[in-house]
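Read the structure below first, then the notes.
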Amino acid sequence: MSVRRDRLDAVVVGGGVVGTTTALALADAGLQVALVEASAPPRWQADRPDLRVYAFAPDNAALLDRLGVWASVAEARAQPYRRMRIWDAAGGGELRFDADAMGRRELGWIVEHGLLADRLTAALAPSGVRTLCPARVESLAQDESGVRLRLEDGRSVEARIAIAADGPDSTMRGLAGFDIERLDYAQRGIVAYVHTERPHQDTAWQRFLPGGPLAFLPCAPGVRDVAAGHASSIVWTVPTSDSERLRALDDGAFDEELTRAFDARLGEVRAISQRVAFPLRRQLVADYVRGRMLVVGDAAHVVHPLAGQGVNLGLRDAAALAGSIRAAREGGADWTSPRRLARWARGRRSDNTIAAHGFDAINRVFSNDRVDATLLRGSLLGVAGRLPPVTRALWRRAAGG
Ligand SMILES: Cc1cc2nc3c(=O)[nH]c(=O)nc-3n(C[C@H](O)[C@H](O)[C@H](O)COP(=O)(O)OP(=O)(O)OC[C@H]3O[C@@H](n4cnc5c(N)ncnc54)[C@H](O)[C@@H]3O)c2cc1C
């Protein structure tokens, strides 16, 4: 069987959060879209919270709202966070963000990856997106009018453009010949759910330690039968050499070390789930478009998780692409013109590269115990924390404003 080029405008490869959102946003812009995904996400179950959670920015909640998905996510389980507190283990000032001071009800939401994936996937068919799953791309060919993908099961798909959204180890990126630059941070992120003695106060907390930042993200009621306000999700960045030791500690010893690392800011901490460690790296493709092949999400850029921006940046790739296509179609212009695609690619590359290098710089200054860096970060947090315009500007950037 083949899906013919004259029937499809776009084919998206990869049905993670970024790929499904891209497919839905392009369908919303009026395109005929297909999605190729290797394996369907498991159905989300409220009593099995996903260890991977995102600090979801307001612009992306608005995008999902436009696509008719946000209400069902928010109803199921999304924890608004109204404050952020960022401080350094070596002392100095504290950086504070408050929704009230920004004139908002919340700064964003903490949402499980599995819940988002579930609700986005459920929206595909009603939005007219055709899904080929399970399916993997084996080869691709492109000419000036379109792209032809051959799948491992012998099917083929033809479309005017193809979008690689198949994650950090993207096959499509290799098939299309995109150049990529990689940096291994020699750090791992340990994620787990924890119970805290004192409530989280709808606050996202981050303490910088010499080995890397430790974040506590507030969770909604319903996570692991914990009393409302006492469950958080942690992302603990540690040097690779330390991560195996921490994962192997028995529960009591891990809890003690975690409580100490967090300066007992919320009292005693107790892990209430398994601990999973993932390697941290930076990856950036040199360009986001090659002919009629585009690349978005982690396939294009993997960033340090210290600002919780990985998925937010990917969703902004999707929003910008759909916006550019919608504007072209409304103006009667060719939405596939190389100049238009190149303009989208430049905009996204610039935004994502600035973010990736910014997170690098923060990681370098904060994740070490050299005296000069210690003094610098204490004063940086102190100065920024005392200047409302600086905190507002930092916040606007994180929120996609
Ligand atoms: C443990 C962990 C914790 C994280 N925590 C955070 C966090 O707190 N905040 C944050 O913003 N980010 C976090 N991230 C990063 C975040 O998960 C990614 O930025 C985000 O998932 C990228 O989404 P994506 O859709 O681009 O890629 P992915 O989620 O990797 O999705 C890629 C999809 O493509 C499919 N696929 C792969 N190969 C093929 C193929 N050949 N053919 C067809 N389909 C294919 C896969 O099955 C998958 O569904 C974390 C990542 C991990 C691993």
Side-chain angles (χ1 to χ4, degrees), residues 10-23 35-39 52 54 113 136-142 147-152 159 161-189 212 237 240 277-321 324 338 341-364 367:
V11 55
V12 178
V13 179
V17 169
V18 175
T20 44
T21 303
T22 305
L35 177 80
V36 178
E37 165 56 37
S39 56
R52 210 191 311 183
Y54 301 129
H113 167 89
R136 285 181 164 277
V137 176
E138 186 180 74
S139 65
L140 69 85
Q142 61 167 318
V147 180
R148 180 187 177 91
L149 306 182
R150 180 166 290 281
L151 308 183
E152 285 176 359
I161 61 169
I163 297 138
D166 51 347
D169 303 312
S170 167
T171 308
M172 289 286 281
R173 195 176 57 211
L175 289 174
F178 283 95
D179 290 330
I180 185 153
E181 172 231 284
R182 292 190 173 86
L183 172 75
D184 183 350
Y185 284 116
Q187 289 173 318
R188 283 179 182 257
T237 300
T240 303
F278 59 98
L280 303 184
R281 53 185 157 159
R282 186 190 73 201
Q283 285 188 175
L284 294 169
V285 287
D287 200 359
Y288 285 40
V289 62
R290 276 178 78 89
R292 286 174 173 263
M293 276 286 318
L294 284 61
V295 60
V296 297
D298 271 25
H301 43 81
V302 177
V303 300
H304 198 287
L306 64 83
Q309 289 295 308
V311 87
N312 287 308
L313 297 176
L315 295 183
R316 287 176 197 140
D317 299 342
L321 182 61
S324 161
L341 297 179
R343 201 175 321 129
W344 166 81
R346 268 198 311 278
R348 292 314 303 150
R349 180 170 180 270
S350 156
D351 201 24
N352 293 327
T353 306
I354 290 170
H357 288 292
F359 305 151
D360 261 14
I362 295 171
N363 188 45
R364 266 202 306 278
S367 301

Indicate yes or no: at least one non-hydrogen side-chain atom of [X] is less than 4.5 angstrom from one of [Y].
X    : Y    : result
L149 : V13  : yes
V18  : L315 : yes
L313 : V303 : yes
L284 : I180 : no
R52  : F278 : no
T353 : H357 : yes
L280 : P305 : yes
V137 : M172 : yes

Just wondering, more than 12 heavy atoms not from R292 lying within 6.0 Å of its CZ? yes

Might you confirm whether atom CZ of R349 has over 12 heavy atoms from other residues, nucleotides or ligands at distances under 6.0 Å? no

Salt bridge (charged side-chain N to carboxylate O under 4.0 Å, His left out) for D298 and R281? Distances and angles first, verdict last. CA-CA 11 Å; D298 271 25; R281 53 185 157 159; over 6 Å; no

Once rounded to the nearest 0.5 Å, what's the spacing between atom [atom1] of [X] and atom [atom2] of [Y]?
X    : Y    : atom1 : atom2 : value
L175 : Q142 : CG    : CD    : 11.5 Å
L294 : I163 : CG    : CD1   : 5.5 Å
T171 : E138 : OG1   : CD    : 11.5 Å
S170 : Q283 : OG    : CD    : 9.5 Å
N312 : Y54  : CG    : OH    : 10.0 Å
L140 : R150 : CG    : CZ    : 12.0 Å

Show the nearest heavy-atom pair for residues [X] and [Y], with the distance to one decimal.
X    : Y    : result
Q187 : G212 : NE2-CA, 4.1 Å
N352 : Y288 : ND2-OH, 3.2 Å
F178 : V285 : CB-CG1, 4.3 Å
T22  : A318 : OG1-CB, 3.4 Å
G16  : E37  : N-OE1, 4.1 Å
L35  : G19  : CD1-O, 4.0 Å

Ignoring hydrogens and geometry beyond distance, is a side-chain donor-acceptor pair present between H304 and Q309 at under 3.5 Å? no

Is a salt bridge present between R348 and D317, judged by a nitrogen-to-oxygen distance below 4.0 Å? yes

Could you check whether R282 pairs with E181 (Lys NZ or Arg NE/NH1/NH2 to Asp/Glu carboxylate O, under 4.0 Å)? yes

Is the backbone of [Y] close enough, under 3.5 Å, to the side chain of [X] for a donor and an acceptor to pair up by distance?
X    : Y    : value
R173 : A299 : yes
T20  : V17  : yes
S324 : W344 : no

Full working for side-chain contact (heavy atoms from CB on, under 4.5 Å) between V147 and V11: CA-CA 9 Å; V147 180; V11 55; 5.6 Å; no

